[in-house]
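Please read the structure below before turning to the comments.
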Amino acid sequence: MVSMQKPISVRDALSSTAAQESASVQGWVRTRRDAKAFSFLEVNDGSCLKNLQVIAPAGLFNYPEVQHLITGASVAVRGKLVASQGQGQKWELVADEVRVVGPSDATYPLQKKGHTAEFLREIAHLRPRSNLFGAIFRTRSRLAYAVHRFFQERGFVYVHAPIITGSDCEGAGELFRVTTLDPSAPPKRPDGAVDFAKDFFARPTYLTVSGQLEAEAFACALSKVYTFGPTFRAEDSNTSRHASEFWMIEPEMAFCDLAGNMDLAEEFVKALIREARSTCAEDLELFGKFVDKDLISRLDFVLERPFQRVSYTEAVKLLVESGKTFEYPVAYGTNLQSEHERFLTESVFKCPVTVYNYPKEIKPFYMRLNDDDRTVTAMDVLVPGIGEIVGGSQREERLDVLEASMRRHKLDPKDYGWYLDLRRFGTVPHAGFGLGFERMLMFVTGVSNIRDVIPFARTPGNAAF
RNA sequence: UGCCCGGUAGCUCAGUGGCAGAGCAGGUGACUGUUAAUCACUUGGUCGUAGGUUCGAUCCCUACCCGGGCAGCCA
């Protein structure tokens, strides 16, 4: 390290505007080819999709060692950055020194040939070294940054909702219990039940399934807020679009109704797509080539058009009148099945669709009751290929109506004291939604399995790595 | 959790009730400003696991494990 000057990234080397008398680059060897008087090394450091071609002359003192470099080895290279004589790259590095930092061997699982996503999933610690996963996780980082920029530029305050929650009735699925009690010998109450009063928090606690209720409290003080953090669902879901641990973005706005909520959701989704198009062009090109041939045109199409908006009633009517036979029949009052949602967004409209005003019976207690007394201000954004990417609503801000809704949902208002206080003191109309960050990434990259857009996926029966 | 498909070399996959195969990767050599380089030779196997049927099972049957797809739950 002492002999090395400050290294530059492969990305900077490749985007250089002039030859450089002396430059250092460090990274991992993707492949090596021998020529007569030198060896070609392709070095990648994850700073961009492309590799830097290194010319390692036969005169190097450690040339025999260089000739045994294989895929996966790490190297530090110092040399001259010069215009390439060959086709396919503008610049290449003619090495004065190639230091083998860490060798690799024949058991290195990654090859320069393509691998299936399923195989790479089993080596989650090495897959970011592949072209596809490097591109996915660079895109993930850019989009995470864009999430914050989008909201910060609009005056939203970032709220860190708690990860551990005492509420087991958020209504969004099964919860993971958080406890320090000994599972083989928990303290018992006289009646034989586990005595959670003796647990760490002196009550049962769980990992959060949503930061919404907490975000509502902050929206009713700071007006516009958002959360962006991990979320946990203990559902035994085994699909390509569910994970036990995922990241969710939940904006919440005071003095906002359903229409404003739908506007924000659409603007947000489009902003993220626009960000990917402008700052991840090279990576998107890879997705368009190897993952989904229609990706780029679909993203551009979505950017250009307003999302279609239909009420649940209209959606049901469209499905019934389509004449298509579904495995599950369409009927007012039942949840839209995946096949129904897919048909709407992929066949009827061929673009994202926002469905709103669902029957109150099939939606959670906190959604605002409409004047028709039959529907609530729910809204789901459905996108082609994935289905639901956003779920949200205007919240019930009327204390008496909210309490009645809780009772209808067999919930005890006494368990929601602080939540009801928000309606007791200075209540305001407010609305918000949740956007699944991984589902957004799936849409932007074309990757069809959620396990491939999370660095280390947690799904039922799988928490290796 | 339910239904369906799959598991054969490091990877991607053929294959047959009777001696285990290819391409790529790895190794050796040749050639060469190459770029998924090329050419020749070559190493490499508990055919997912356990039972069963059979003279004989990688192949047929059963259970289990693992992976994938779809559905439900949702984001």
Side-chain angles (χ1 to χ4, degrees), chain A residues 30-43 50-57 67-68 70-72 82-89 92 94 104-123 126 130-131 170-174 209-212 230-250 265 290 326-328 335-342 362-364 380-383 386-392 433-443 448-454 459-462 464:
Chain A
R30 283 296 179 79
T31 177
R32 186 184 57 79
R33 296 177 290 274
D34 281 330
K36 193 166 188 177
F38 51 86
S39 198
F40 292 104
L41 299 180
E42 298 246 4
V43 176
K50 290 201 169 72
N51 306 320
L52 177 66
Q53 177 162 286
V54 171
I55 311 294
Q67 280 192 302
H68 281 91
I70 61 173
T71 308
V82 301
S84 177
Q85 297 172 32
Q87 301 296 309
Q89 60 279 317
E92 63 190 18
V94 179
S104 184
D105 64 45
T107 63
Y108 183 65
L110 287 171
Q111 300 164 14
K112 51 190 159 189
K113 302 282 182 186
H115 286 295
T116 61
E118 290 78 13
F119 169 67
L120 291 167
R121 229 171 266 155
E122 291 167 11
I123 47 167
L126 295 174
S130 68
N131 285 339
E170 290 173 8
E174 296 296 309
V209 293
S210 166
Q212 181 200 316
T231 307
F232 307 88
R233 305 270 167 96
E235 302 286 349
D236 193 6
S237 296
N238 231 310
T239 80
S240 55
R241 58 189 191 284
H242 288 87
S244 311
E245 175 183 303
F246 63 99
W247 285 61
M248 187 157 64
I249 298 129
E250 295 180 287
F290 294 111
F326 296 100
E327 190 184 342
Y328 294 88
N335 272 308
L336 295 179
Q337 304 289 314
S338 280
E339 57 173 343
H340 304 147
E341 296 182 344
R342 273 209 315 275
I362 58 175
K363 288 293 180 183
D380 287 348
V381 176
L382 314 175
V383 298
I386 293 159
E388 185 176 346
I389 196 169
V390 166
F433 61 83
L435 176 132
F437 187 55
E438 285 77 16
R439 289 191 181 173
M440 187 69 216
L441 269 166
M442 291 167 71
F443 187 69
S448 60
N449 195 311
I450 198 168
R451 299 172 185 91
D452 295 332
V453 297
I454 308 179
T459 52
N462 193 346

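Just the heavy atoms: all of them, side chains too, but no hydrogens, waters or symmetry mates, feed the values below. Naming convention: chains lettered A, B, ... in sequence-line order (proteins, then strands); numbering from 1 in each chain.
Contact annotation for R342(A): backbone-only contact, meaning every heavy-atom pair under 4.0 Å involves sugar-phosphate atoms and none involves a base. Residue contacts shown for G387(A) are absent, as no nucleic acid heavy atom lies under 4.0 Å away. Residue L110(A) is out of contact with every strand shown, counting any heavy-atom pair closer than 4.0 Å. Across all strands, S237(A) comes closer than 4.0 Å to base atoms (heavy-atom distances).
Using Watson-Crick or G-U wobble geometry with both donor-acceptor distances under 3.5 Å, U46(B) finds no partner in any strand shown. The nucleotide G6(B) finds its pairing partner in C66(B), both defining distances of the Watson-Crick or G-U wobble pair being shorter than 3.5 Å. Remark: G23(B) base-pairs with C11(B). Criterion, Watson-Crick or G-U wobble with two distances under 3.5 Å. In this entry A71(B) has U1(B) as its Watson-Crick or G-U wobble partner, both defining distances falling under 3.5 Å. Across all strands shown, C39(B) forms a Watson-Crick or G-U wobble pair with G29(B), both key distances being under 3.5 Å. Searching all strands for a Watson-Crick or G-U wobble partner of C55(B) with both distances below 3.5 Å returns G18(B).
Taking only side-chain nitrogens and oxygens, T116(A) comes nearer than 4.0 Å to OP1 or OP2 of U12(B). Contact check, T239(A) against A71(B): no side-chain N or O comes under 4.0 Å of OP1 or OP2. Put simply, N449(A) has a side-chain N or O that comes within less than 4.0 Å of OP1 or OP2 on G69(B). Neither OP1 nor OP2 of A36(B) sits under 4.0 Å from any side-chain N or O of T31(A). The shortest distance between the side-chain N/O atoms of H68(A) and the OP1/OP2 oxygens of U28(B) is below 4.0 Å.
Straight-line distance between the C1' atoms of G67(B) and U28(B): roughly 37 Å, to the nearest whole Å. The same atom, C1', is picked in G45(B) and in A20(B); the two are 8 Å apart, to the nearest Å. G69(B) and C64(B) are spaced 22 Å apart, taking the P atom of each and rounding to whole Å. On the P atoms, A9(B) is 10 Å away from C47(B), given to the nearest whole Å. Between G27(B) and U43(B), the two C1' atoms lie 7 Å apart (nearest whole Å). Between G56(B) and G44(B), the distance separating the two C1' atoms is 28 Å to the nearest Å. For the P atoms, the distance linking U49(B) with C11(B) amounts to 15 Å, nearest Å. Nucleotides U16(B) and A71(B) place their C1' atoms 37 Å apart, quoted to the nearest Å.
Across G68(B), A75(B), G27(B), the shortest atom-to-atom separation from the side chain of I70(A) is found for G27(B). When distances are taken from the side chain of A106(A) to each of C74(B), G67(B), G26(B), the shortest belongs to G26(B). For E122(A), the listed nucleotide lying nearest its side chain is G67(B); candidates were G67(B), A71(B), G69(B).
At whole-Å resolution of the value, CZ in R121(A) and P in C11(B) are 16 Å apart. When rounded to the nearest whole Å, the span between OH of Y328(A) and P of C70(B) equals 14 Å. Atom CZ in F119(A) sits roughly 13 Å away from atom C1' in A9(B) (whole-Å rounding). Here A71(B) presents its C1' atom at 9 Å from CD of E339(A), a figure rounded to the nearest Å. The interatomic distance linking L120(A) (CG) with G67(B) (C1') rounds to 14 Å, in whole Å. Computed from coordinates, the E118(A) CD to U12(B) P distance equals 9 Å when rounded to whole Å.
The pair R233(A)-E245(A) does not count as a salt bridge, with every side-chain nitrogen at least 4.0 angstrom from each carboxylate oxygen.
Within 3.5 Å, a donor on the side chain of Q111(A) pairs with an acceptor on the base of G10(B), or the reverse. Not a single donor-acceptor contact under 3.5 angstrom links the side-chain atoms of R241(A) to the base of C70(B).
The backbone N or O of E42(A) sits nowhere less than 3.5 Å from a side-chain atom of T31(A) that would complete a donor-acceptor pair. Looking only at distances, no side-chain donor or acceptor of Q89(A) sits under 3.5 Å from a matching main-chain atom of S84(A). With hydrogens and angles ignored, the 3.5 Å screen pairs a side-chain donor or acceptor of E339(A) with a backbone N or O of Y328(A). Looking at H340(A), its side chain never comes within 3.5 Å of a backbone N or O of N335(A) through a donor-acceptor pair. In this structure, R439(A) contributes its side chain and R241(A) its backbone to a donor-acceptor pair below 3.5 Å.
Residues I70(A) and Y108(A) have side chains not in contact (no heavy-atom distance under 4.5 Å, counting atoms from C-beta outward). A 4.5 Å side-chain heavy-atom check between F437(A) and M248(A) finds every atom pair outside the cut-off.
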Worked verdict on S130(A) versus R30(A) for side-chain hydrogen bond (donor to acceptor under 3.5 Å, both in side chains): CA-CA 9 Å; S130(A) 68; R30(A) 283 296 179 79; over 6 Å; no

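In this pair, F119(A) and H115(A) present their aromatic rings tilted. The plane angle is within the 30 to 60° band.
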Return a single string for nucleotides 29-34 of chain B, one symbol per nucleotide in 5' to 3' order, where B is base contact, S is sugar-phosphate-only contact and - is none, cutoff 4.0 angstrom on heavy atoms. ---BBB

